[in-house]
Protein chains: 2
Amino acid sequence: MESPKSDRAKEMEAALRRDGVRLTRQRAALLEVLGDAEDHPDANELHRRAKGLDETVSLATVYRTLSVLEAQGVIHRHAFEGGGARFETADSPHHDHIIDLDTEEVIEFRSEKIERLQAEIAAELGYDVVHHRLELYCRKAPEK
Amino acid sequence: MESPKSDRAKEMEAALRRDGVRLTRQRAALLEVLGDAEDHPDANELHRRAKGLDETVSLATVYRTLSVLEAQGVIHRHAFEGGGARFETADSPHHDHIIDLDTEEVIEFRSEKIERLQAEIAAELGYDVVHHRLELYCRKAPEK
DNA sequence: AATGCAATTGCGAATTATTCTCATGTAATA
DNA sequence: TATTACATGAGAATAATTCGCAATTGCATT
């Protein structure tokens with residue numbers, strides 16, 4: 001029994017087709033892996049997982065494809081502190097991140113208020129926000 | 001006529017002395033350069049400037065010293081998008097950054113409200129914020 | 001001022017994350 | 001299924017940073 005292609009992977013494939021991006025065996029494998037990921041893996045980890053679906057994917061292609069996918073807007077690239085870039089699919093609405101300093105785990109959150117304040121602050125200084133980065137490096141609060 | 005040692009450099013030297021950190025010729029040069037900097041230079045640029053005061057400073061020592069200074073808390077290290085780390089003295093109160101995407105220029109700002117919201121959000125999820133990173137990547141707003 | 005030694009330095013080699021080169025392979029179209 | 005422009009794998013190249021080591025040097029103590 002084959003693992004069925006995830007819906008997220010299928011949606012990403014469709015998006016790429018719409019833009020005339022070629023769908024290679026290697027790209028399909030990476031899309032599958034990205035679609036299944038519930039975490040925020042780095043290029044190396046994605047390569048490791050992708051090889052499970054297709055022996056032939058090279059790390060160079062993982063990097064190349066990640067750049068393509070990012071340019072197409074189907075994934076987001078994050079550069080958290082320490083180590084390399086980490087990736088996630090772009091299908092969920094915008095959010096920022098909490099990074100657990102002890103576990104490296106990434107938790108997503110969203111604050112309309114903060115978004116609004118950011119735009120206001122930039123506007124006051126004569127700027128438009130193109131994109132932003134808000135990361136809270138945290139530790140579990142002691143039980144009370 | 002010698003350029004007089006900047007006050008900020010002197011303060012940083014005092015802080016290091018207090019903690020028993022040795023003040024070498026090379027470190028003094030770097031402190032001087034950091035004290036004079038009005039921008040957010042990277043290691044390479046700091047090395048270039050430091051060589052103007054002391055021919056002998058090597059890039060390796062710049063990196064080593066920056067790590068020492070960061071550990072002592074007298075400078076902050078920032079990893080903005082693209083390129084390497086950039087540094088600034090830690091004497092000004094906490095602030096976040098706007099990065100002008102066209103000029104690479106860095107503008108500092110501060111929002112009590114955003115700080116408060118961040119802490120609230122983390123607390124709701126059971127976390128304490130150790131530190132955070134808020135960067136607005138911006139373009140100059142069109143004149144109205 | 002001379003001494004002693006652990007901390008610091010410069011140099012170049014090593015590392016890490018990522019990108020590039022180029023000869024070969026292949027997806028999409030006709 | 002032939003064409004061809006685009007994608008790929010392997011490994012070299014790059015960029016930022018760190019490391020190993022032998023030589024130097026702050027600085028506390030004579």
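Order of the sequence lines sets the chain letters (A, B, ...), proteins ahead of strands, with each chain counted from 1. Values in this document were obtained by computation on a predicted structure and should not be read as measured data.
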- prompt: Can you check the B/D42 CG to D/dT17 P distance for me, whole Å?
  reply: 7 Å
- request: Grab the two heavy atoms, one from A/A50 and one from A/A29, that are nearest each other, plus how far apart they are.
  value: O-CB, 4.3 Å
query: What is the ring orientation for B/H78 with B/H76, classed by angle as parallel under 30°, tilted 30 to 60°, or perpendicular over 60°?
result: tilted
- prompt: Between D/dA5 atom C1' and A/L23 atom CG, what is the distance in whole Å?
  reply: 17 Å
- request: Specify the separation, in whole Å, of atom CZ of B/R77 and atom C1' of D/dT18.
  value: 11 Å
- prompt: Pick one: which of B/V21, B/V74, B/T89 meets side-chain contact (heavy atoms from CB on, under 4.5 Å) with B/L69?
  reply: B/V74
query: Quick one: on DNA chain D, does B/R25 or B/G84 contact a more 5' nucleotide (nearest heavy atom)?
result: B/G84
query: Are side-chain N/O atoms of A/R64 and A/S67 paired as donor and acceptor at under 3.5 Å?
result: no
- request: Could you list where the contact with chain A starts and ends along DNA chain C, reading 5' to 3', using a 4.0 Å heavy-atom cut-off?
  value: C/dA17 to C/dA28
message: If the threshold is 4.0 Å, N to carboxylate O, is there a salt bridge linking A/K10 and A/E13?
response: no
query: So what is the end-to-end bend of the helix from C/dA1-D/dT30 to C/dA30-D/dT1, with 5 pairs used at each end and the value given to 10 degrees?
result: 40°
query: What integer distance in Å separates A/E55:CD from D/dT8:P?
result: 16 Å
- request: Give B/R64 one of three labels, base, sugar-phosphate or nothing, depending on what nucleic acid heavy atoms sit under 4.0 Å from its own.
  value: base
- prompt: Who pairs with B/H131 by ring-ring contact (aromatic ring centres under 6.0 Å, His included), at least two apart in sequence or on another chain?
  reply: A/Y137
message: If you only use heavy atoms from C-beta on, which nucleotide in D/dT17, D/dG11, D/dC19 is closest to the side chain of A/A60?
response: D/dG11
query: How long is the line joining CG of A/L16 and P of D/dA7, in whole Å?
result: 11 Å
statement: Here the distance between atom C1' of D/dT17 and atom NE2 of B/H47, to the nearest Å, is 14 Å
task: Send over the distance from A/Y63 OH to D/dA13 P, rounded to a whole Å.
output: 19 Å
- request: Is it possible for you to say whether A/F109 and A/V106 belong to one hydrophobic cluster, with membership spreading through side-chain heavy-atom contacts below 4.5 Å?
  value: no
- prompt: So does A/R22 reach the base of D/dC6 with its side chain, donor to acceptor, closer than 3.5 Å?
  reply: yes
query: Should we count CD of A/E104 as having more than 12 external heavy atoms under 6.0 Å?
result: no
field: Separation of D/dA16 P from B/R86 CZ (nearest whole Å)
entry: 12 Å
query: Under 3.5 Å, side chain of B/R133 to main-chain N/O of A/R133, donor-acceptor pair present?
result: no
message: If you assign each of A/T24 and B/T61 to its closest nucleotide in DNA chain C, which residue comes earlier from the 5' end?
response: B/T61
- prompt: Starting at the 5' end of DNA chain D and moving along, which residue's nearest nucleotide shows up first, B/G83 or B/V21?
  reply: B/G83
